[in-house]
Amino acid sequence: MEAELEEEDGSFTNISLADDRPTVDRGSAVLHTKQDNEDLTMNCDMDDMENQVEMEEKTRLINQVLELQHTLEDLSARVDAVKEENLKLKSENQVLGQYIENLMSASSVFQTTDNKSKRK
């Protein structure tokens, strides 16, 4: 069996193992067997897949936030337009109200007469 020895400084030393019993007596060096490397590779692949899923989820959320921002901007612009239209209509209503009031005061149909009040 082959193994790889990682030193504290990050360098590696390849060693061959007999009977799957490594004996390394060198400070705080870390011993990686071939199985460890396969497990590490599988863990890296799983981490990469999880990272990719997380990135896809982040991208989806960012796109959703951007879409909602655009919708909010559109709604805000629509509210502003409706406010302007409302003010315009209020102004027109005031003009029409004044016009109707003037017509009513000028017309004899809407005038109160003293004769009607005297008959009672």
Side-chain angles (χ1 to χ4, degrees):
M1 175 180 234
E2 289 183 14
E4 192 173 68
L5 181 64
E6 181 180 358
E7 303 290 339
E8 283 184 320
D9 65 359
S11 63
F12 291 94
T13 303
N14 289 323
I15 57 173
S16 295
L17 305 173
D19 299 326
D20 289 338
R21 289 192 213 153
T23 52
V24 177
D25 189 16
R26 298 180 85 182
S28 60
V30 179
L31 181 67
H32 295 285
T33 64
K34 206 174 202 179
Q35 181 64 40
D36 289 338
N37 285 338
E38 288 173 6
D39 290 343
L40 184 61
T41 301
M42 284 187 3
N43 285 341
C44 289
D45 289 343
M46 293 293 283
D47 288 343
D48 288 344
M49 287 174 39
E50 287 175 6
N51 287 340
Q52 183 177 0
V53 168
E54 285 179 13
M55 288 301 293
E56 288 173 0
E57 180 68 10
K58 285 180 184 178
T59 302
R60 187 186 66 77
L61 288 173
I62 288 170
N63 288 335
Q64 188 176 10
V65 166
L66 291 174
E67 183 179 334
L68 289 171
Q69 280 180 331
H70 292 297
T71 301
L72 180 60
E73 289 171 357
D74 293 343
L75 289 172
S76 180
R78 177 71 178 131
V79 166
D80 290 341
V82 168
K83 281 182 180 179
E84 286 180 30
E85 182 69 18
N86 186 30
L87 289 174
K88 180 181 171 186
L89 291 173
K90 278 184 180 181
S91 175
E92 288 177 7
N93 280 346
Q94 285 178 341
V95 170
L96 289 173
Q98 186 65 43
Y99 177 73
I100 291 169
E101 195 175 298
N102 291 340
L103 285 176
M104 288 174 56
S105 65
S107 173
S108 61
V109 174
F110 298 105
Q111 295 293 321
T112 58
T113 59
D114 293 334
N115 293 339
K116 288 183 183 177
S117 59
K118 289 181 182 177
R119 288 186 189 170
K120 288 185 181 181

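With a 6.0 Å radius and a threshold of 12 heavy atoms from other residues, nucleotides or ligands, Glu67 has its CD atom at or below the threshold.
Side-chain N or O atoms of Ser76 include none that pairs as donor or acceptor with a backbone N or O of Leu72 at under 3.5 Å.
In this structure, the side chains of Glu85 and Val82 stay at 4.5 Å or more apart for every pair of heavy atoms.
There is a side-chain donor-acceptor pair under 3.5 Å between Asn102 and Gln98.
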Would you check, one step at a time, whether the test side-chain contact (heavy atoms from CB on, under 4.5 Å) holds for Asn86 with Lys83? CA-CA 5 Å; Asn86 186 30; Lys83 281 182 180 179; 5.6 Å; no
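If you run side chain to side chain contact (heavy atoms under 4.5 Å, CB included) between Ile62 and each of Val65, Leu66, Thr59, only Leu66 comes through. Each of Arg60, Met55, Glu54 was checked for a side chain to side chain contact (heavy atoms under 4.5 Å, CB included) with Glu57, and the lone residue meeting it is Arg60.
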